Amino acid sequence: MDEISPPRSKDFIRQIIADDLASNKHQGRVVTRFPPEPNGYLHIGHAKSICLNFGVANENGGVCHLRFDDTNPTKEEVEYVESIKSDVRWMGFDWGEHLYYASDYFDQLYTYAVMLIEAGKAYVCSLPPEKIREYRGTLKKPGKDSPYRGRSVDENLDLFERMKAGEFENGTHVLRAKIDMASPNITMRDPVIYRILKKSHHRTGDKWCIYPMYDFTHCLSDSIEGITHSLCTLEFQDNRALYDWVLENLPVKCQPRQYEFARLNLTNTIMSKRLLLKLVQDGLVDGWDDPRMPTLSGLRRRGYTPRAIRNFCERIGLAKKNSEVDIALLEHCIRVDLNERAHRVMAVLRPLKVIIDNYPEGQTEDLVFQNHPEDAAMGTRMVPFSRELYIEQDDFRIDPPKKFFRLAPGREVRLRYAYYITCVDVEKDEKTGEILAIHCTYDPETKGGSSPDGRKVKGTIHWVSAAHALEAKVRLYDHLMSKPNEDAKEETGFADLLNQNSLEVLDACRVEPSLKDADPGTKVQFERLGYFNVDPIDSSPGKPVFNRIVSLRDTWAKIEKAQESK
Ligand code: ATP
Ligand code: MG
């Protein structure tokens with residue numbers, strides 16, 4: 001496991017925590033929580049919240065709870081619970097014994113709700129849902145009192161009890177907090193705190209047919225667990241007043257404070273669980289862990305490392321204003337990580353046969369290559385060289401355009417770490433004109449890739465030995481969404497915004513034989529082509545499938561340079 005180091009600078013939340021520690025506000029305790037709703041897989045946006053909540057706890061000798069906010073049995077499943085646990089662990093964080101479920105508090109939450117009724121601060125409302133919405137008013141128009149607002153405490157207690165007993169159908173009654181229908185903050189206009197949902201729950205089974213709403217559950221769960229800093233995203237800003245109201249109006253032992261930070265938005269990416277679920281359900285991607293998905297399981301399968309994601313979360317920082325992060329920064333972070341750690345190997349994605357006419361037939365040389373050009377400690381490997389090789393189709397042109405320095409008729413190039421070769425002939429299919437193979441000669445004096453006579457060549461290309469190479473499937477990925485900033489929030493037409501070229505599968509690639517037994521999840525750099533991951537699901541022994549994580553062209557480095565020179 002990599003060390004997880006604290007960020008180099010203090011963001012506003014870390015500053016608040018430092019100040020609280022200095023003033024001994026919570027007797028030196030820092031208790032945070034990561035509270036996912038188990039209604040989908042975690043995505044890179046959740047990673048930001050995970051790194052923050054677990055990060056600040058770890059940095060301050062505190063604890064971070066993993067709490068499932070499982071109050072809506074219609075959308076939640078055990079599969080999601082398990083995936084979330086394994087994703088948080090994969091990110092490198094540990095909740096220890098602090099695994100909680102909001103559903104474990106249902107009894108206590110019910111008792112609290114009864115207390116509010118008894119205090120005249122909650123009532124059973126029997127308006128149908130659309131009327132409740134209508135009566136709520138708008139930003140410009142105050143709300144209107146429900147005709148049921150004046151129900152007596154006894155009637156409310158009786159109705160709430162019978163709601164719990166299952167006497168009423170879904171949508172016929174709700175429990176609402178009695179706050180202020182004219183409040184400028186719509187959240188405070190008598191919010192619903194309990195509803196009837198006749199649905200089995202993945203943990204409580206059929207014990208309950210009424211379920212508490214998020215705003216009621218969340219603050220009380222925080223309080224029950226003794227959370228000191230309740231960190232959430234900006235869209236909950238208006239809910240803070242309700243968070244505080246609930247805690248102030250109940251005899252709770254502790255009153256946590258909620259702080260909001262900007263959620264992560266990424267270019268060319270959708271981040272809403274609802275839309276990601278739709279992609280999965282409509283078969284537009286190959287499951288939650290499709291390597292194009294921004295889910296942690298998708299990123300993991302693509303080949304992203306937890307270290308790269310954590311670095312990314314540190315680099316984007318924490319702001320109080322929403323903005324959009326260029327996906328190029330995420331790609332930059334995985335490049336930086338793998339540049340340090342990934343072995344270099346050779347692979348040819350679109351093979352073109354090269355025959356070296358003056359190389360002895362049947363001869364093989366085992367060349368010894370370093371696995372990493374800057375790190376001898378990463379060892380060496382054998383790469384066979386022989387008379388017939390494959391190079392990339394792209395590295396050869398019959399009529400080379402200007403500035404094309406790779407192979408062409410009559411031209412000499414360097415085969416990486418091997419020999420200089422010169423193209424002497426081209427074999428074509430007579431009918432189609434397709435290039436079948438090219439013939440070259442090699443200069444035996446240039447072994448290792450340099451010439452004793454100081455002769456220079458402009459191009460260096462990669463290669464594999466045809467007889468020794470392993471055939472492999474390689475998948476190239478592009479962004480899931482075709483446009484950087486398109487707002488894919490609506491279901492309507494949202495599929496049209498998908499990048500139709502987000503996946504390209506190449507079936508007949510050739511990779512060097514050292515990769516034959518590469519373990520699933522092995523990450524390598526294919527020289528000149530990018531970083532690739534051995535797919536953990538589709539690979540089988542001796543038959544790796546490679547996912548391209550990123551190409552080598554770092555657009556973020558360019559963006560940064562441009563910003564610096566401004
Ligand atoms: P979505 O809007 O994608 O459906 P959500 O907010 O409903 O996500 P939750 O399971 O409730 O998902 O999220 C758990 C925690 O992760 C919450 O505290 C939430 O604020 C945080 N979170 C969710 N999305 C992001 C994001 N894009 N950036 C930062 N934090 C996020
Ligand atoms: Mg949510």
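Small disclaimer: the values here were computed from a predicted structure and weren't measured. Whatever order the structure lists them in is the order used to number ligands and atoms, beginning at 1.
D535 and N547 share a donor-acceptor pair across their side chains, judged by distance under 3.5 Å alone. In the model, Y243 has a side-chain atom that pairs as donor or acceptor with a side-chain atom of D222 under 3.5 Å.
Nearest to atom 6 (O) of ligand 1 by heavy-atom distance, out of R67, R274, R263, is R263. The closest non-hydrogen atom to atom 30 (N) of ligand 1, taken over P36, G45, P38, comes from G45.
Side-chain atoms of E59 and R14, non-hydrogen and from C-beta on, do get closer than 4.5 Å to each other. Counting heavy atoms from C-beta outward, T233 and L264 have side chains that stay 4.5 Å or more apart. Side-chain atoms of L175 and I117, non-hydrogen and from C-beta on, do get closer than 4.5 Å to each other.
Close N/O approach between R33 and ligand 1 is not found [any backbone or side-chain N/O within under 3.5 Å]. Looking at ligand 1, you won't find any N or O of F261 less than 3.5 Å from one of its N or O atoms. Here's the thing with H43: one of its N/O atoms is less than 3.5 angstrom from an N/O atom of ligand 1. Backbone and side-chain nitrogen or oxygen atoms of E235 are examined, and none is located within less than 3.5 angstrom of a nitrogen or oxygen of ligand 1. At a 3.5 angstrom cut-off on N or O pairs, F34 does not count as close to ligand 1. Residue K273 has at least one nitrogen or oxygen atom sitting less than 3.5 Å from a nitrogen or oxygen atom of ligand 1, judged on distance alone.
With ligand atoms numbered from 1 in the order given, ligand 1 contributes 16 (O), 21 (C), 30 (N) to contacts under 4.0 Å with heavy atoms of S49. Remark: ligand 1 atoms within the under-4.0 Å shell around heavy atoms of S272 are 3 (O). Those atoms of ligand 1 that come under 4.0 Å of a heavy atom in T233, given as number and element, are 19 (C), 20 (O), 29 (C), 30 (N), 31 (C).
How far CD of E37 is from OH of Y80: 11.0 Å, rounded to the nearest 0.5 Å.
Contact check on D289 versus R300 returns no salt bridge, with no Lys/Arg side-chain nitrogen under 4.0 Å from an Asp/Glu carboxylate oxygen. With salt bridges taken as basic N to acidic carboxylate O contacts below 4.0 Å, none links R475 and E504.
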